[in-house]
Amino acid sequence: MFEDLNWKWAARRAAVVIGIYLALLYVLSTIYPESFGLQNRGQIVSLLINAAFFFLIFTFVYAFVERSRRRRLAEMNK
């Protein structure tokens with residue numbers, strides 16, 4: 001099940017997505033502090049824990065999607 005997965009590529013892609021997520025939340029918390037505000041340490045820690053959790057999920061999803069794509073392309077080339 002976990003063979004032929006490109007973990008390095010998946011981790012890079014997940015890191016980009018999480019980076020965009022964190023940057024967007026930072027910008028929104030700066031523009032709309034009452035709605036998206038990160039006022040205390042607990043909210044920041046919660047955000048970072050969620051980001052780490054989503055990073056792991058996205059890494060697995062992107063690894064399996066890329067393997068599926070490579071397999072479909074290989075079948076089409078036959």
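Values below: every heavy atom of this structure, side chains too, minus hydrogens, waters and symmetry copies.
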Take Leu73 and Glu75 through the side chain to side chain contact (heavy atoms under 4.5 Å, CB included) test and state the conclusion after the steps.
-> CA-CA 5 Å; Leu73 288 175; Glu75 275 188 26; over 6 Å; no
For Phe64, does its backbone N or O pair with a side-chain atom of Ser68 as donor and acceptor, under 3.5 Å?
-> no
For Ala63 and Leu5, which heavy atoms make the closest approach, and how far apart are they?
-> O-CD2, 3.4 Å
Between Val16 and Ile18, is there a shared hydrophobic cluster once you connect ILVMFWY residues whose side-chain heavy atoms come closer than 4.5 Å?
-> no
Ile44 and Ile20: same hydrophobic cluster, using ILVMFWY side-chain contacts below 4.5 Å?
-> no
Going by chain and number, the hydrophobic cluster around Val45 (ILVMFWY, side chain to side chain under 4.5 Å) further includes Ile49
Do the rings of Phe54 and Phe58 sit parallel, tilted or perpendicular, given the 30° and 60° boundaries?
-> parallel
How long is the gap from CD on Gln43 to CG on Asn40, to the nearest 0.5 Å?
-> 4.5 Å
Given Tyr21 and Leu47, is the side chain to side chain contact (heavy atoms under 4.5 Å, CB included) satisfied, shown in steps?
-> CA-CA 10 Å; Tyr21 167 73; Leu47 173 68; 3.7 Å; yes
Residue pairs passing the salt bridge (Lys or Arg N to Asp or Glu O under 4.0 Å) test with at least one member in residues 14-25, sequence neighbours excluded, are none
If only atom types and distance count, is the side chain of Ser29 paired as donor or acceptor with the main-chain N or O of Leu25 below 3.5 Å?
-> yes
State yes or no: are the ring centers of Trp7 and Phe60 separated by less than 6.0 Å?
-> yes
Taking Gln39 for its side chain and Glu34 for its backbone only, find out whether a donor-acceptor pair lies under 3.5 Å.
-> no
Could you list all the salt bridge (Lys or Arg N to Asp or Glu O under 4.0 Å) pairs where at least one residue sits in residues 46-66, not counting sequence neighbours?
-> Glu66-Arg69, Glu66-Arg70
Are the side chain of Arg67 and the backbone of Tyr62 linked by a donor-acceptor contact shorter than 3.5 Å?
-> no
Identify, with sequence neighbours excluded, every residue that meets ring pair (Phe, Tyr, Trp, His ring centres under 6.0 Å) alongside Trp9.
-> none
Can you sort out the partners of Val61 under side-chain contact (heavy atoms from CB on, under 4.5 Å), two or more places apart, ordered by chain and number?
-> Ile57, Val65
Residues in side-chain contact (heavy atoms from CB on, under 4.5 Å) with Leu56, at least two apart?
-> none
